[in-house]
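Position 1 is the first residue of the sequence, and the numbers go up from there. On a predicted model such as this, the values are computed, not experimentally measured, just so you know.
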Amino acid sequence: MKALLTLVIVLSFLAAGCSNEVATPGNVIRSALPEKTHTLTNAWPQASSTLLARGRPVQTDTYTAVHNLSGSGIMVIDVRSHDFNPIAVVIDGEGNLIAFNDNWKESTSARVVLDGAPSGGKLLVFSPDDTRGLYDVIIEEGTSEDLETFINATDFSGGIIKGWIEEDSYNAYLYSILREALENDIYIYNYSQAELFPFTIDSEELISISLESDDFDPYLVLMAVEDGTYTFVEYNDDYSGSYSRIVRELDAGDYIALVMPYSAGSHGRFTLEMESIDEEALETVEIPAQQQDTDYTGEIVNDRNFAIAWWPDMVDDYEAPGFLSPFTPVAAFTFTVDNTSAYEINASGEMDVCLTLLRRDGDSIQYVASNDDYGDLGSNSRIVEPLMAGEYIVLVSPYSGPGEGEVTFSWSENDDGISTLRAGRSTEIYAPYETETIIYRLSLQAGTSYSISADSEELDPVITLILPDGESLYDDDGGDGNNSLLSFTVTEDQAGECFLIVEKYSSGEGTFTILFEAAGRSS
C-alpha cells in the first residue's frame with residue numbers, strides 16, 4: 001500500500017508540473033499521463049477534424065499533457081515511454097497543426113522535428129487508446145538532415161514516403177473508423193496496422209500512387225476525405241509482383257493513401273510514391289489491322305495508350321473484364337468486318353496477354369468479348385466469336401502489372417468446328433467449367449416464325465442470336481425458371497445464315513439442351 005501511495009504522489013506531482021515546463025533545446029522533461037483531468041479537446045478544440053483529415057483519428061477525450069514550446073533553429077523533440085504508445089503533436093497559438101508523429105521509425109516512440117518553435121507553440125502528448133504512465137520529452141538541437149529525414153517519413157505532399165509497418169500495433173478507434181468506411185469495398189481487415197498519409201489535389205489530375213515493400217506484401221487503398229468522413233475510392237493489390245499501384249484521374253480535393261500488409265502481423269519497411277502522369281497517356285495510339293490472316297505487331301508501353309482512352313465508359317460498364325482496369329496500358333488494333341460470320345482473334349507476347357474485343361457503333365463503344373489464357377495456348381489469348389458487319393477495336397493488355405513489351409495480333413474468318421442446328425431437332429451438349437461460350441450456325445427463312453430454347457438443370461443459360469442484318473436478339477430467363485427462350489419472325493433482311501451464342505450466366509459446369517423449332521410461316 002505504501003508503494004502504491006508513493007506512485008500516486010509521484011504521478012500527481014509530475015502531472016501538476018507538466019504544463020509549466022517549457023520544451024526547449026537542451027531540456028529533458030520527465031512527466032506522466034495520470035488520471036483524466038485535461039483532455040485532447042480541452043487542449044486543442046480542432047483536434048477531431050484536423051487529425052482525421054491528417055490520417056490519425058483519435059478519441060478526443062483521451063488525457064493530454066501540454067508543454068509550451070520555445071526555441072529557434074532546428075529542434076528534434078523525442079517523446080519516449082515504457083508505459084504507453086505516445087503520440088506527439090505540435091500546434092501554434094491559433095491551434096493550427098504544425099507537425100505530429102506516432103511510432104517513429106521502428107519504435108513506439110514519437111519524434112517531431114521543427115524549424116523553430118511556432119508562435120505560441122505547444123507540444124501535446126497523449127496515447128491512442130487513453131493508456132497512461134510515465135514519459136520523457138528530450139529536446140535537442142537538430143540539423144537540416146534531421147529535418148529532411150522527418151519530412152520524408154511523415155509528409156506525403158512531397159510525393160514520397162519511406163515508412164514502417166509495426167507488427168503488433170492496435171488502435172481500436174482507428175480500426176472502427178476504417179472498418180465502417182471500407183467494409184463494403186475491401187476484403188481484408190488489417191486496419192489495426194494501417195498507416196494513413198494525407199495529400200491534396202488542387203485541380204483535376206491524372207495521378208499514380210505506387211507502394212513497394214520487400215519485407216511484406218503491401219496493400220494500397222485510396223480514400224477521399226470530406227465533411228469529417230473517409231470515403232472509399234479505389235484499392236490495389238499485386239499490380240506488379242506483390243507491389244501495388246493505383247492510377248486514377250482525381251478531382252480537386254483531400255485524399256488519403258492507406259498502407260497496410262496483406263497478411264496480418266506482417267511488418268517492415270515500405271516506400272509510397274505519388275506522381276502526376278502526362279496527359280499523353282490518354283491519347284489513343286492505333287494500329288490498323290485490316291488484312292485477315294496477317295500478323296500485326298504492337299507495343300505495350302507503361303503509362304501510355306490507356307484502356308479508358310479507347311473505352312471512355314468502361315468504368316460504368318458491368319461487362320468490363322476484371323483483368324482490364326481503366327488505366328491499363330494497351331496495344332490497340334482496329335479492323336473492319338464486311339460480312340457477318342464467325343471470326344478467330346489471336347494475341348501473343350512474351351508476357352501473359354489478354355484480349356478485349358470492342359465494337360464501334362457511331363460515337364459509342366460496345367463490349368463484345370474478352371479472353372485470357374485460351375485453352376492449350378498457355379498465356380496467349382484467343383476469341384472465337386460471331387461478328388456482325390462493322391468496325392472493331394481489340395485491346396491487347398498485360399494480365400497484371402506493367403507488362404511492357406511487344407505483342408502480336410491477328411484475325412481471320414473461321415467457322416471451323418461450329419456445329420449446325422437444324423429445325424425440329426434437340427441438341428444436348430456438355431459444357432465444362434473452362435468453356436464459357438458455345439456457338440452454333442443455323443439458317444432462317446423469311447416470313448417464318450421460330451423459337452430457340454436453352455435449358456439446363458445445372459447452369460443458368462443465356463442466349464444471343466446474331467442475324468444477317470446485324471441485329472441481335474438476346475434472352476435470359478425467358479423460359480421456365482432460369483432457362484432461356486427466344487420467339488421471333490424473320491424479315492427479308494434477316495433471312496439466311498446466322499449464329500446462336502449460348503453462354504453461362506455464371507461459372508460452372510453442366511449440360512445444355514438446345515431446341516430450334518420452326519413454328520410456321522406467317523401469312
Please find out if less than 6.0 Å separates the ring center of [X] from that of [Y].
| X | Y | value |
| --- | --- | --- |
| Y450 | F516 | yes |
| Y235 | Y219 | yes |
| Y296 | F333 | no |

Would you say [X]'s side chain and [Y]'s backbone share a donor-acceptor pair under 3.5 angstrom?
| X | Y | answer |
| --- | --- | --- |
| S244 | N236 | yes |
| E299 | G405 | no |
| D475 | G478 | yes |
| R360 | Q366 | no |

Carboxylate-amine/guanidinium proximity below 4.0 Å for R304 and E280: yes
Short N-O contact, D460 and K504, less than 4.0 angstrom: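 No, D460 and K504 are not salt-bridged.
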Quick one about [Y] and [X] (side-chain donor to acceptor, distance below 3.5 Å, no hydrogens or angles considered), yes or no?
| X | Y | result |
| --- | --- | --- |
| E471 | Q494 | yes |
| E413 | S341 | yes |
| S263 | S266 | no |
| E286 | T334 | yes |
| D214 | Y243 | yes |
| Q291 | D293 | no |
| Q292 | Y343 | no |
| W310 | N305 | yes |
| Y367 | S370 | yes |
| S208 | R245 | yes |

Which heavy atom of [X] sits nearest a heavy atom of [Y], and at what distance?
| X | Y | value |
| --- | --- | --- |
| D202 | T200 | OD1-CG2, 3.8 Å |
| I439 | V384 | CD1-O, 3.4 Å |
| D215 | S213 | N-OG, 3.1 Å |
| I256 | L52 | CD1-O, 3.9 Å |
| W311 | A320 | CH2-CA, 3.6 Å |

Side-chain heavy atoms of I91 within contact of F100, under 4.5 Å: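 Heavy-atom side-chain distance check fails, nothing below 4.5 Å.
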Beyond-backbone contact of L282 with E249, side-chain heavy atoms, under 4.5 angstrom: yes
Separation of T149 OG1 from W104 CH2 (nearest 0.5 Å):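 Here the interatomic distance stands at 6.5 Å.
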R179 to Y191 six-membered ring, cation-pi geometry met (6.0 Å, 45°):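 Geometry flag: not set, cation outside 6.0 Å or 45°.
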Parallel, tilted or perpendicular: rings of W164 and H267 (30°, 60°): perpendicular
